[in-house]
S.K.: 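One structure, as structure tokens, below. Some questions next.
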Number of protein chains: 2
Amino acid sequence: MGRPRRPLLSRDRIVATALAVVDADGLDALSTRRLAAELGVSGPSLYNHVSTMEDLVDAVVDTILGEVDLSMFATPVADWRTALREWARSYRAALAEHPNIVPALAHGMGHRPNSLKIADAVFGCLVDAGWPRGQATRIGALMRYFVTGSALGSFARGFPDDASVYAGRYPHLSEAHLLAEHQREIDEGAFELGLESLLDGLAARTVTARGASGRAGGTPRW
Amino acid sequence: MGRPRRPLLSRDRIVATALAVVDADGLDALSTRRLAAELGVSGPSLYNHVSTMEDLVDAVVDTILGEVDLSMFATPVADWRTALREWARSYRAALAEHPNIVPALAHGMGHRPNSLKIADAVFGCLVDAGWPRGQATRIGALMRYFVTGSALGSFARGFPDDASVYAGRYPHLSEAHLLAEHQREIDEGAFELGLESLLDGLAARTVTARGASGRAGGTPRW
DNA sequence: GTCTATACGCAGATAGAC
DNA sequence: GTCTATCTGCGTATAGAC
């Protein structure tokens, strides 16, 4: 076959199909041959639209990052803590909907378009709330650390189903909370506890405008 | 050649050489053929000591986790905050010494021997300090989220060197702190700020034995 | 039980015809 | 822009020497 009148492929269609394959059968199942079969074309045709496999996976990750809700950063932001809390939950939820893609976060977190869009929105919100630019940058980074680390720790495979394997070997851990059935609640609880603790600890680094009651909405100190 | 008088290979030697290859040339450079060449044997010989490549990478990760300092959890622990702070820094430092292995953390975080040893030590410290078992489990998990997320976000490649690429495209971010040369300080600062904020936020969830001064060393509330 | 030699079936990627 | 044909290198299964 030669060149078709209308293109059979597009980058968007390839990325969308790749995401569907990853969601269905995992990252390992994503190959040029599988993808080509899924799209009804031959393998090398893909290279007219994506440069490498790594490029493609990056684009899939970026698509998912595009699903993170940023509407809470629409100015003016009433309370930076509330905005950050809602954003962090939305971020985690977007990753939870595509758990198979999470291991791909491990390569190059910084240079995808939607990564920058997210970083920009968080940074702007914090600066508007009165945080100095240096602190705003750090807070954006550390929140990302926590959310992505949470996704990685939660959606990767946890303890084996049979906790009795560890009986007696680790003095403190041979308990019910090792069981896989409890893992989801633990992950959820750990995320929420960490999120609230982070926000509390950051808020304590703000100056209070009028007495102790203003702590939660105070002006950043540095 | 047949069976040698003394074994040429051992699992430990294979794992150590694999770590050296990863440190030198990255995870992608680790292949059975490369590894066999380094060790002076033929490829399939490795399979007498490791079952799969995934098994081998897991063992390499476990070796690095074994370098995390746990001595601050030796009972009795004076202050759970101090212990957790020192442990988190040691954990991050161990990963920082082998940045190329960090992407491998993305697979199966929970079932390596040294993962369990670490989880057990943290859990024991927190329970000894008075935290209820459920909260201790959550805190151990969320601290791990933050430290591993920090390693992932820091040691993976950051923004491109030329910040002018983004000039005008992201309203808040076209600033000096986008430059790669500042990335290391940002990562370090974000880690420290997040760590202190987390510990402060958790400490605020304890009851104070004698007035407000006991906040840092208070007894956990739940 | 530990090694070597060989080989299979995948992978990502390229060259050149239409 | 898509095809066919083909390249290299991967993990690893198998068979056999000692």
Side-chain angles (χ1 to χ4, degrees), chain A residues 1-62 100-101 103-104 106-108 157, chain B residues 1-62 100-101 103-104 106-108 157:
Chain A
M1 185 201 296
R3 175 184 198 141
R5 298 157 182 221
R6 279 274 309 278
L8 300 173
L9 249 33
S10 74
R11 188 178 164 96
D12 283 352
R13 215 164 79 82
I14 292 173
V15 171
T17 306
L19 175 54
V21 169
V22 170
D23 280 344
D25 297 321
L27 259 181
D28 289 347
L30 182 64
S31 69
T32 56
R33 286 162 174 83
R34 162 78 184 270
L35 196 50
E38 211 74 56
L39 287 160
V41 298
S42 263
S45 304
L46 302 169
Y47 288 92
N48 287 304
H49 302 88
V50 298
S51 55
T52 66
M53 195 63 190
E54 200 183 331
D55 172 44
L56 173 58
V57 173
D58 240 51
V60 173
V61 172
D62 201 59
N100 291 341
I101 203 67
H107 306 285
R157 206 162 65 97
Chain B
M1 184 200 299
R3 174 188 195 147
R5 297 156 182 224
R6 280 275 307 280
L8 299 173
L9 250 32
S10 74
R11 187 178 166 96
D12 283 351
R13 215 163 81 80
I14 292 173
V15 171
T17 306
L19 175 55
V21 169
V22 170
D23 280 343
D25 296 322
L27 259 181
D28 290 347
L30 183 63
S31 69
T32 56
R33 286 163 174 84
R34 163 78 183 269
L35 197 49
E38 300 276 347
L39 288 161
V41 298
S42 263
S45 305
L46 302 169
Y47 286 91
N48 288 305
H49 304 88
V50 298
S51 55
T52 68
M53 194 65 190
E54 199 183 332
D55 173 43
L56 173 58
V57 172
D58 239 52
V60 172
V61 172
D62 201 59
N100 291 340
I101 204 68
H107 307 285
R157 206 162 66 95

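Since we're looking at a predicted model, the values are computed, not measured.
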S.K.: Does B/Asn100 reach the main-chain N or O of B/Asp23 with its side chain, forming a donor-acceptor pair under 3.5 Å?
M.R.: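 The answer is yes, because a donor-acceptor pair under 3.5 Å joins these two groups.
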
S.K.: Starting at atom CG of A/Asn48, determine the distance to atom P of D/dT4, rounded to an integer number of angstrom.
M.R.: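 Roughly 14 Å, once rounded to whole Å.
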
S.K.: For atom CD of B/Glu38, is the number of surrounding heavy atoms from other residues, nucleotides or ligands below 6.0 Å larger than 12?
M.R.: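 Yes - once you tally the heavy atoms of other residues, nucleotides and ligands closer than 6.0 Å, there are more than 12.
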
S.K.: Of the listed nucleotides (C/dG12, D/dT12, C/dA13), which one gets closest to any side-chain atom of B/Thr32?
M.R.: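 Closest nucleotide to the B/Thr32 side chain: D/dT12.
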
S.K.: Ignoring backbone atoms, test whether B/His49 places a side-chain nitrogen or oxygen under 4.0 Å from the OP1 or OP2 oxygen of C/dG1.
M.R.: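 Checking B/His49 against C/dG1: no side-chain N or O falls below 4.0 Å of OP1 or OP2.
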
S.K.: Taking any heavy-atom pair under 4.0 Å as a contact, classify A/Ser42: base, sugar-phosphate, or nothing.
M.R.: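 Counting heavy atoms under 4.0 Å across all strands, the contact made by A/Ser42 includes a base.
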
S.K.: Specify the separation, in whole Å, of atom CG of B/Leu56 and atom P of D/dG11.
M.R.: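 About 10 Å, once rounded to whole Å.
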
S.K.: For B/Pro44, answer base if it contacts any base atom (sugar-phosphate contacts may also be present), sugar-phosphate if it contacts only those atoms, and nothing otherwise; contact means non-hydrogen atoms under 4.0 Å.
M.R.: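 B/Pro44: base contact, heavy atoms under 4.0 Å.
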
S.K.: Please state how far atom CD1 in B/Ile14 lies from atom C1' in C/dC3, giving the value in whole angstrom units.
M.R.: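 My rounded result for the distance is 12 Å.
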
S.K.: Which whole-number value in Å describes the distance from A/Arg3 CZ to C/dC18 P?
M.R.: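 These atoms are roughly 16 Å apart.
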
S.K.: What heavy-atom pair brings A/Pro103 and A/Leu27 nearest, and what distance separates the two atoms?
M.R.: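 Nearest pair, atom of A/Pro103 first, then A/Leu27: CB-CD1, 4.1 Å.
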
S.K.: Return the value, rounded to whole Å, for the distance between atom CZ of B/Arg13 and atom C1' of C/dC3.
M.R.: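 For the pair B/Arg13 CZ and C/dC3 C1', the rounded distance is 13 Å.
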
S.K.: Rounded to whole angstrom units, what separation is found between the CG atom of A/Leu30 and the C1' atom of C/dA13?
M.R.: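 Roughly 15 Å, once rounded to whole Å.
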
S.K.: By the 4.0 Å heavy-atom rule, please label A/Leu35 as base, sugar-phosphate, or nothing.
M.R.: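 It contacts nothing in the nucleic acid.
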
S.K.: Give one of base, sugar-phosphate or nothing for B/Ser45, where a contact means two heavy atoms less than 4.0 Å apart.
M.R.: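 Base: the residue B/Ser45, judged by heavy atoms under 4.0 Å, touches a nucleobase.
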
S.K.: Could you tell me whether the side chain of B/Arg33 has a donor or acceptor atom within less than 3.5 Å of a complementary atom in the base of D/dG11?
M.R.: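 Under the 3.5 Å cut-off, the side chain and the base do form a donor-acceptor pair.
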
S.K.: Once you round it to whole Å, what is the distance between P of C/dA5 and OH of B/Tyr47?
M.R.: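 The distance from OH of B/Tyr47 to P of C/dA5 comes to 17 Å, rounded to the nearest Å.
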
S.K.: Tell me the interatomic distance from B/Asp28, atom CG, to D/dT8, atom P, rounded to whole angstroms.
M.R.: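 These atoms are roughly 21 Å apart.
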
S.K.: For A/Leu39, which contact category applies under a 4.0 Å heavy-atom criterion: base, sugar-phosphate, or nothing?
M.R.: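 It contacts nothing in the nucleic acid.
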
S.K.: Do you know which two heavy atoms are closest between B/Ser42 and B/Ala36, and how far apart they sit?
M.R.: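 Closest approach of B/Ser42 to B/Ala36: C-CB, 3.7 Å.
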
S.K.: From the set C/dA13, C/dC3, D/dT12, return the single nucleotide nearest to any side-chain atom of B/Thr52.
M.R.: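 The answer is D/dT12.
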
S.K.: Are the side chain of A/Ser10 and the backbone N or O of A/Arg13 linked by a donor-acceptor pair below 3.5 Å?
M.R.: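 Here the side-chain-to-backbone pair exists.
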
